[in-house]
Amino acid sequence: MASVVEYSDRAIICRDMDGFITSWNPSAERIFGYSAEEAEGKHMSLIMPEECVEEEENYIQRIKKGKAVFKYESIRKRKDGSRIFTSHIIAPVKNAEDKIIGTSKIVGDISDEHAVYAAIVNTSDDAICSKTLDGFITTWNFGAEKMFGYKKTEVLGKHINLIVPDAKIKEEISIRQKIRAGKRIPPFETVRVRKDGSKVNISLTVSPIYNQSGKLTGASIIAKDINERKQIEAQQILYTEKLEELNRYRDDFIAMASHELKTPLTVIKLNLQILEETMRRDENLSFVKSSGKQINKLTSLIAHLLDVSRIQAGEVKLDYQTFDFKILLKEVAENLQSSNTANRIQLKGIKKDLTLFADRERIEHLMTNLVSNALKYSPDSGKIVIKSSIENGQLQVMVKDEGIGLPEKELEKIFERFYRVNGIPSTYSGSGVGLFICWEIVRWHGGKIWAESELGKWSKFYFNIPVGQPG
Ligand code: ADP
């Protein structure tokens with residue numbers, strides 16, 4: 001037993017109940033610098049810093065009350081006056097009558113371990129500091145110096161309110177109250193003030209600190225600088241607001257312009273119709289007819305733009321009714337075929353009637369858009385096939401053409417507002433809103449629309465919507 005004490009790398013120290021050292025091993029000499037002759041018979045205060053006396057007394061009381069053995073960490077001083085961090089295992093020493101006559105202690109030097117923690121704290125970019133329960137600063141790392149601009153020497157012993165802006169004093173009081181109640185305050189965003197008076201946005205975590213005897217002594221504070229993130233967020237909000245404003249201007253402009261264009265166009269269209277009637281055999285009739293075609297294009301463009309602005313303004317109301325989709329399809333096909341002789345429109349699929357409960361006008365609009373596109377983007381004569389079927393209560397429609405097709409990477413984008421395929425020749429006039437409107441119409445009806453294509457060969461546009469049931 002004696003040799004274990006002699007060769008242990010830990011200090012093994014015994015003391016009596018009055019605190020006088022009764023035994024001191026070679027490691028105690030190595031760690032604290034006092035020889036056994038110098039230490040034995042002396043009071044423990046030889047190696048005990050003043051601030052640890054009360055704490056040590058608590059432990060002795062616990063031993064007296066019968067606690068067999070326990071561990072704690074503390075601070076001790078060496079012969080040369082320097083301090084070391086120590087780990088302690090303490091146990092009572094009893095006499096033959098089982099009476100406690102002192103304590104024995106195994107003491108380890110854990111300064112290296114503490115040095116590692118200290119290095120972590122000191123190299124952290126976060127401000128890490130501590131304060132007493134009343135809010136007086138007790139530690140202040142390098143991160144805190146950088147974040148708040150105060151040197152450690154300037155703040156130790158000062159009140160934490162030094163960095164709390166007036167508007168946050170109440171917050172700080174409530175933090176202290178929570179800490180006194182032993183509660184940890186999870187990270188929250190707040191503001192503190194630097195030495196130069198500027199504000200810093202931080203994410204703050206405050207936790208209670210307990211000493212070795214389990215007594216609540218203060219709070220640890222970890223503050224992360226979130227200024228940059230806040231600035232980016234603020235900028236993003238600004239951009240979004242600006243963008244929304246610009247979008248509003250544009251939408252208002254489109255709505256106004258389309259509305260104002262509609263009336264004169266209707267008048268011109270009527271006049272052209274009258275002219276056409278009166279010029280049946282006139283050689284200039286072709287000019288009138290060509291003007292009529294251009295006017296029709298303009299009218300449909302304006303109708304599209306008005307639709308878009310209504311969609312943007314959320315002013316769309318669906319007018320549900322029961323109708324035969326087959327008839328609607330025939331009408332659309334005949335109507336578009338009459339003005340296009342190059343391509344042949346073929347209807348496939350459903351032979352019998354197909355009752356749909358939907359907004360007829362919108363579905364007609366949807367079909368017209370898809371078939372017009374199929375015609376427009378098929379410059380060489382080809383077949384346009386419209387195939388419809390019913391599956392699981394869903395109407396499924398496919399419009400296939402043998403036209404110019406489009407690259408796969410464009411397939412999703414073409415349904416976006418004002419989007420036209422990159423590099424599309426200017427001979428294909430358009431506004432890029434037709435498919436956007438199709439997308440919206442299908443969405444309003446609770447369906448899905450998508451496209452497939454092979455560049456230079458064909459395109460297929462699909463959609464499905466529920467057949468629907470009245471009421
Ligand atoms: P646009 O008025 O330009 O035709 P759309 O919204 O109807 O606007 O179509 C968006 C884009 O999708 C078109 O500009 C065109 O590039 C492409 N597109 C649409 N339909 C077809 C099709 N059937 N074949 C090839 N490309 C098409």
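Position 1 is the first residue of the sequence; numbering continues from there. Both counts, for ligands and for their atoms, begin at 1 and track the order of listing. The figures here come from the full heavy-atom set of this structure, side chains too, leaving out hydrogens, waters and symmetry mates.
Residue-level proximity to ligand 1 for Asp401 is carried by the side chain, the only part with a heavy atom below 4.0 angstrom.
Atom numbering of ligand 1 starts at 1 in the shown order; those under 4.0 Å from a heavy atom of Val433 are 6 (O), 8 (O). Here is the list of ligand 1 atoms found below 4.0 Å of a heavy atom in Leu406: 25 (C), 26 (N), 27 (C).
Polar contact check, Gly432 against ligand 1: a nitrogen or oxygen pair lies under 3.5 Å apart. At a 3.5 angstrom cut-off on N or O pairs, Tyr419 does not count as close to ligand 1. For ligand 1, the polar-atom distance check against Ile424 finds no nitrogen or oxygen pair separated by under 3.5 Å. Between Leu435 and ligand 1, a contact under 3.5 Å exists for at least one N or O pair. Residue Asn373 places at least one N or O, backbone or side chain, under 3.5 Å from an N or O of ligand 1.
Summary of contacts: the protein heavy atom closest to atom 2 (O) of ligand 1 is Ser431 N, 2.9 Å. At the shortest separation from atom 17 (C) of ligand 1 among protein heavy atoms lies Val421 CG2, 3.8 Å. When only non-hydrogen protein atoms are considered, atom 13 (C) of ligand 1 lies nearest to Tyr377 OH, 3.3 Å. In this structure, the protein non-hydrogen atom closest to atom 14 (O) of ligand 1 is Arg420 NE, 3.2 Å.
Distances shorter than 4.0 angstrom occur between a heavy atom of Lys376 and an atom of ligand 1. Judged by the shortest distance from any of its heavy atoms, Gly403 lies outside the 4.0 Å radius around the atoms of ligand 1. In this structure, Phe461 counts as a contact residue of ligand 1, since one of its heavy atoms falls inside 4.0 Å of the ligand.
In this structure, CD in Gln346 is found 10.0 Å from CD1 in Ile384, a value given to the nearest 0.5 Å.
For the pair Arg360 and Phe323, the cation sits on the ring face: its NZ or CZ lies under 6.0 Å from the ring centre, inside 45° of the axis.
For Asn284 (side chain) and Phe287 (main-chain N/O), no donor-acceptor pair under 3.5 Å exists by modelled atom type. Side chain of Thr278 to main chain of Leu275: a donor-acceptor pair is present (N/O by atom type, distance under 3.5 Å, no hydrogens or angles). Looking at Arg78, its side chain does come within 3.5 Å of a backbone N or O of Ile31 through a donor-acceptor pair.
Using a 4.5 Å heavy-atom cutoff, the side chains of Ser378 and Glu402 are not in contact. The shortest side-chain heavy-atom distance between Lys242 and Leu238 does not fall under the 4.5 Å cut-off.
Residue-environment remark: CZ (Phe188) exceeds the threshold of 12 foreign heavy atoms within 6.0 Å. Counting heavy-atom neighbours within 6.0 Å of Glu233 CD, excluding the residue itself, gives a total above 12.
Nearest residue to atom 12 (O) of ligand 1 from Leu455, Ile414, Val399 is Ile414 (criterion: closest heavy atom).
Centroid-to-centroid, the aromatic rings of Phe357 and Tyr320 come within less than 6.0 Å.
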